[in-house]
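What you see is a predicted model, and the numbers here were worked out from it, not measured in a lab. Order of listing sets the numbers, starting from 1, for every ligand and every atom in it. Basis for what follows: all heavy atoms, side chains included, without hydrogens, waters or symmetry-related copies.
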Amino acid sequence: ATQSVADQEAIKALFPNTYGMPLITFEAGEAVQLPAMNVGVILSGGQAPGGHNVISGLFDGIKKLNPESKLYGFILGPGGLVDHNYMELTADIIDEYRNTGGFDIIGSGRTKLETNEQFAIAAEVCKKHGITAIVIIGGDDSNTNAAVLAEYFAANNTGVQVIGCPKTIDGDLKNEQIEISFGFDTATKTYAELVGNIQRDVNSAKKYWHFVKVMGRSATHVALEVALQTQPNITLISEEVEEKKMSLKQIVDYMADIIARRANAGKNFGVALIPEGLIEFIPEMKTMIANLNDVMSTLEQDASYNKLTVPADKFNFIESRLEPNNAKVFESLPVLIKAQLLMDRDPHGNVQVSKIETEKLLIEMIKVKLDEMKSQGEFAGKFSDQCHFFGYEGRCAFPSNFDANYCYALGFNAYALMQSGMTGYLSSIRNTTAPSTEWVAGGVPLTMMMNMEKRHGHMKPVIQKALVRLDGPVFKKLEANRENWAMND
Ligand code: FBP
């Protein structure tokens with residue numbers, strides 16, 4: 001029997017039918033003919049290279065063991081299931097998409113599945129098409145959907161199984177059984193190539209500081225991996241910022257110090273990597289954003305807020321609702337960032353950090369700091385900035401060999417789990433640093449990865465994100481090298 005990573009009593013109570021199931025490992029057996037089954041598949045959340053191969057592996061699995069089996073793709077994510085928007089995926093269609101990046105075969109979306117009404121429609125749709133299993137290909141939030149749906153289907157004896165597949169370029173859906181989410185390998189290779197190109201440009205012209213924000217909504221795995229591949233002069237790691245309780249001012253001081261030291265060595269150029277999720281890890285921002293999320297969850301019904309049209313009035317209104325310390329932090333931010341923080345949350349209640357221009361915020365604050373240092377004779381150089389955001393460039397790239405093979409295996413294995421009668425499991429392929437002939441296939445109960453977190457102002461069961469471990473070898477490598485990388489090119 002397995003336990004959830006935290007909040008065991010609460011998770012057990014919410015998932016009475018799918019809690020505590022064992023880990024599964026498959027062993028080689030005889031090839032057999034199995035009964036035909038109709039399966040539905042959903043691509044969910046942000047795109048990640050290899051998604052088409054998960055579907056190809058699943059398709060080949062169901063057809064290999066019974067050519068009469070059928071695969072239905074729901075269009076544009078979980079929304080396709082509740083909107084009854086689908087297409088049958090036939091061999092011709094599948095063959096066109098094998099080994100390609102993107103999710104365009106059926107599209108993706110971020111609809112949250114949480115109401116009984118949605119679940120009842122989903123059960124009805126499955127019944128109509130004789131679908132007895134659904135595969136949800138997604139990250140932590142999407143696999144939370146999978147867990148909740150699996151529980152509903154089991155509790156209501158619908159006879160429909162649900163299996164998840166670990167996807168996200170962010171690399172934060174992992175644990176001892178899930179070695180990596182697919183897409184991370186390809187996306188980080190793509191960003192590393194782009195950052196490497198910029199570094200050559202920087203070292204050629206020697207006149208700009210490039211600030212590169214890289215995707216990864218929360219954890220810093222992507223920026224860290226890109227940093228190890230490219231050795232930039234500055235890399236911020238959100239988890240370290242949180243652990244060391246660094247304020248925004250301290251981050252700016254740290255960066256300005258490196259810029260000034262390089263300038264004093266005649267180098268008015270460099271590259272800084274900034275993780276997309278940084279802002280939510282700066283303690284004063286984190287507290288303010290949590291308070292802001294609570295305030296925002298009440299605004300939809302607030303007529304006095306909704307009638308405001310001028311941004312400054314909105315900001316004042318929000319500040320009046322925040323706790324005094326948080327209001328001060330909010331008030332201190334540039335207008336651009338305030339407006340970006342007030343944008344809609346995604347359907348899972350997350351701040352859309354891809355829309356917050358942290359790189360610009362840092363640049364503006366660094367300029368002020370450098371002017372101050374100049375007046376005190378501590379900086380005699382120039383600071384000319386360029387900024388970039390690398391995210392969408394990598395999410396649909398042509399999959400690396402690793403992602404192509406891994407994804408195919410995840411999809412085929414999802415079929416093996418379904419055919420073995422499992423539900424509420426995440427497809428798991430382990431031993432992935434060995435040749436693929438030695439990979440180990442199995443399944444991990446989704447409830448094992450869950451804990452309770454606040455979303456849209458309420459405590460909800462969600463899959464826990466894996467953050468960068470500051471005592472792990474990957475971060476340690478960066479730590480051991482960063483002073484050298486700061487000053488050298
Ligand atoms: P998933 O966790 O759904 O895989 O999404 C990852 C991601 O690429 C994040 O890195 C990024 O913050 C977010 O999606 C952007 O979302 P959107 O595509 O909705 O702009």
Query raised in the report: Quick one: does Ala48 get a heavy atom under 4.0 Å from ligand 1?
Result: no
Query raised in the report: Any idea which protein heavy atom is nearest atom 2 (O) of ligand 1, and the distance to it?
Result: Thr168 OG1, 3.3 Å
Report summary line: Under 4.0 Å from one or more heavy atoms of Glu276, ligand 1 contributes atoms 9 (C), 10 (O), 11 (C), 12 (O)
Query raised in the report: Which word best sums up how the rings of Tyr415 and Phe412 line up, parallel for under 30°, tilted for 30 to 60°, or perpendicular for over 60°?
Result: perpendicular
Query raised in the report: Do Asn413 and Ser427 get their side chains close enough for a donor-acceptor pair, meaning under 3.5 Å?
Result: yes
Query raised in the report: Identify the closest protein heavy atom to atom 20 (O) of ligand 1: which residue and atom is it, and at what distance?
Result: Tyr392 OH, 2.5 Å
Query raised in the report: Within 45° of the six-membered ring axis of Phe182 and under 6.0 Å from that ring's centre, is NZ or CZ of Lys167 located there?
Result: no
Query raised in the report: Which of parallel (below 30°), tilted (30 to 60°) and perpendicular (above 60°) describes Phe119 and Tyr152?
Result: tilted
Requested in this report: Show your working on side-chain contact (heavy atoms from CB on, under 4.5 Å) between Asn145 and Asp141 and close with a plain yes or no.
Outcome: CA-CA 6 Å; Asn145 273 345; Asp141 288 330; over 6 Å; no
Query raised in the report: Would you say Gly139 contacts ligand 1, with heavy atoms under 4.0 Å as the rule?
Result: no
Query raised in the report: Which residue from Arg395, Lys465, Gln47 reaches closest to atom 7 (C) of ligand 1 through any of its heavy atoms?
Result: Arg395
Query raised in the report: Are a donor atom and an acceptor atom from the side chains of Tyr191 and Gln229 found within less than 3.5 Å of each other?
Result: no
Requested in this report: Heavy-atom distances under 4.0 Å are what count here, so tell me which part of Asp170 touches ligand 1: side chain, backbone, both or neither.
Outcome: side chain
Query raised in the report: Are side-chain N/O atoms of Ser247 and Glu284 paired as donor and acceptor at under 3.5 Å?
Result: no
Query - Element-labelled atoms of ligand 1 that are located less than 4.0 Å from some non-hydrogen atom of Gly46 - result: 1 (P), 3 (O), 4 (O), 5 (O)
Requested in this report: Would you mind running through ligand 1 and noting each atom that sits below 4.0 Å from a heavy atom of Gly216?
Outcome: 10 (O)
Query - Check: Asp140 N/O within less than 3.5 Å of ligand 1 N/O - result: no
Query raised in the report: So is Lys355 in contact with ligand 1, going by heavy-atom distances below 4.0 Å?
Result: no
Requested in this report: Return the minimal non-hydrogen interatomic distance between Gly443 and Leu417, and the atom names on each side.
Outcome: CA-CD2, 4.0 Å
Report summary line: Atoms of ligand 1 under 4.0 Å from any heavy atom of Lys167, numbered from 1 in the order shown, are 1 (P), 3 (O), 4 (O)
**Report entry** Any Arg110 heavy atom less than 4.0 Å from ligand 1
**Finding:** yes
Report task. Show which atoms of ligand 1 fall inside a sub-4.0 Å distance from at least one heavy-atom site of Gly45. Result -> 3 (O)
Query raised in the report: Using the benzene-type ring in the case of Trp, are the ring centres of His84 and Phe74 under 6.0 Å apart?
Result: no
